[in-house]
Amino acid sequence: MSKDKSAKIPTPQAVRGTQDMLGDFADRFAHVVDAFERVRRLYGYKRIEVPVIEPTAVFARSLGETTDVVSKEMYSFEDRGGESITLRPEFTAGIARAYITNGWQQFAPLKVATHGPLFRYERPQKGRYRQFHQLDAEVLGSDSPLADAELLVFADQLLKELGISEGVTLTLNTLGDAASRDAWRAALVDHFEAHRSDLSEDSLARLDKNPLRILDSKDPNDRPIADSAPDIDAYLTGEAQNFFGAVTSGLDAAGVAWERNARLVRGLDYYRHTAFEFVTDRLGAQGTVLGGGRYDGLIEALGGPPTAAVGWAAGIERLAMLLDEPKADLLNVIMAVEDDLAIPAAQNIIAAFRLNGLSADMVATGSARKRYDKATKINAHVLMSLRWVDDQPVIRTQSATQNDVLMQAQKILDGLGYHNA
RNA sequence: GCGAUCAUAGCUCAGUUGGUUAGAGCGCCGGUUUGUGGUACCGGAGGUCGCGGGUUCGAGCCCCGUUGGUCGCCCCA
């Protein structure tokens, strides 16, 4: 048979920054989501689903129309009706929109959780993809520091249950209320203006666009200036101080370790009070595993009623990378069908196993003599072989240990009238 | 948007200062052996050397471009 190479169909490539997952990593991913779903129920967070696509205005308005994020880093397109649509780059804005448009105020305070894909047009690197996935938890319609503390305890328990709290630190700061924040911001601008000549080029640009960001600059020349900048503490109103104190004492009461990071900031104006990140040095340049804070100004910015809210999100891929051991599902039974004549018997048995809740699979392709060898390479609790002797299936089962699965399988076989050789 | 680095079989890789017909291990398919917790041996299939140009008598190797991966900067909702 001759192949006409000029007629070869070119294979489309995957879109840059997207991932196909199989095996080990897919198992880790699923394990993270399973743990999240389990813990979220323990804290009484309702599962919600929100659309992957939203009108562009949902994100443009919440993030500020002119920021780099909106102008360069969103997947936006016009649909056939001429409306500007954006693939969600985060959960919070879409959930806030849903809160307003569905009248969820009636349920306030509302505790919700979700997870799924997000899209950002960024240059891919370790722990950063164009389609990525997050876990998300929010409390809408609560201005109580109890909500902040609960969300943090929830996050901490999730990381502990995933076994990755070692080497991950909760860093915490307060941005105060609107008055505190404005006063601090003005003081920072004064400070940086005074050191203008020593700042890096990047930080000079930040001074105009987003002065708080100079605080976490990585440029070694900026560090002394950033480190000597005033903390927010001197500018906090009494109310803001009390709020932060209530959050930290809630953490202490629940036994959650935390560190103050007075340099931890958020660029957007709608953030108030609590800001936090669980950080690690095990993920290269992408140090944040889980982050969030209080965004009391957001729902109003989207045209809703003034509504206090707080939440966090965590990258599933990043959490999956930190897991120690792959958590693969171990198959209960693997069957080596060593003769094609035994296939009907194998189908009969495997159907019974599955109906009775035992996971099972068979090897019945390739060289008949080598099927057993193949089956031994598939990790399973029980290895079963079917041969065909004197018009009868000859069955052997074996297991590394006498376990429940073997006994269950034996019972099912007995019920079908098959007997071990 | 900027920079570094990489791209050879399904996978992991080797491939000499540019020189016959591009190799290995694993995996896959088949045969022989063994005959039951991963046997051993033999054979086979599988490659536009990411893609497109260029230099050269000759390019997997050198040059330019491009696409993609990886890592960092920027950004970080």
Do the side chain of A/Arg266 and the base of B/A77 come within less than 3.5 angstrom through a donor-acceptor pair of N or O atoms? no
For the side chain of A/Arg128 and the base of B/C71, is some donor closer than 3.5 Å to an acceptor across the two? no
Suppose we define a pair by two distances each less than 3.5 Å, Watson-Crick or G-U wobble; what does B/C51 pair with here? B/G65
Donor-acceptor pair present, A/Lys218 side chain and B/G72 base, under 3.5 Å: no
Is any side-chain N or O of A/Arg206 closer than 4.0 Å to OP1 or OP2 of B/C75? yes
Please state whether the phosphate of B/C76, meaning OP1 or OP2, lies under 4.0 angstrom from any side-chain nitrogen or oxygen of A/Arg213. yes
Under 4.0 angstrom, heavy atoms only, what part of the nucleic acid is A/Gly293 near: base, sugar-phosphate, or nothing? nothing
Checking base pairs now: Watson-Crick or wobble, both atom distances under 3.5 Å. What partners B/G44? B/C28
Using a 4.0 Å heavy-atom cut-off, does A/Gln286 contact any base of the nucleic acid, only the sugar-phosphate backbone, or nothing at all? nothing
Is atom OH of A/Tyr121 surrounded by more than 12 heavy atoms (other residues, nucleotides or ligands) closer than 6.0 Å? no
Between B/A77, B/U39, B/G3, spot the one nearest the side chain of A/Arg123, thanks. B/G3
Output field: ring centroids A/Phe278/A/Trp312 closer than 6.0 Å: no
Regarding A/Glu338, tell me which of base, sugar-phosphate or nothing describes its non-hydrogen contacts under 4.0 Å with the strands shown. base
When we call it a touch if two heavy atoms are under 4.0 Å apart, what does A/Phe119 touch: a base, just sugar-phosphate, or nothing? nothing
Centres of the A/His273 and A/Phe244 rings: under 6.0 Å? no
By nearest atom, which of the nucleotides B/U36, B/A77, B/C73 is closest to the A/Gln125 side chain? B/C73
How are the rings of A/His133 and A/Phe29 set relative to one another: parallel (under 30°), tilted (30 to 60°) or perpendicular (over 60°)? perpendicular
Heavy atoms from C-beta onward define the side chain here; which of B/C73, B/A77, B/C76 lies closest to that of A/Asn210? B/C76
Separation of A/Arg16 atom CZ from B/G69 atom P, in whole Å? 5 Å
Can you find a side chain N or O atom of A/Lys374 that sits less than 4.0 Å from OP1 or OP2 on B/U36? no
Using a heavy-atom cut-off of under 4.0 Å over every strand shown, decide if A/Gly284 touches base, sugar-phosphate, or nothing. sugar-phosphate
Complement of B/C73, any strand, by Watson-Crick or G-U distances under 3.5 angstrom: B/G1
Where the side chain of A/Lys126 is concerned, which of B/C71, B/A77, B/G68 is the nearest nucleotide? B/C71
Mutual orientation of the aromatic rings belonging to A/Phe154 and A/Phe36 [parallel < 30°, tilted 30-60°, perpendicular > 60°]: parallel
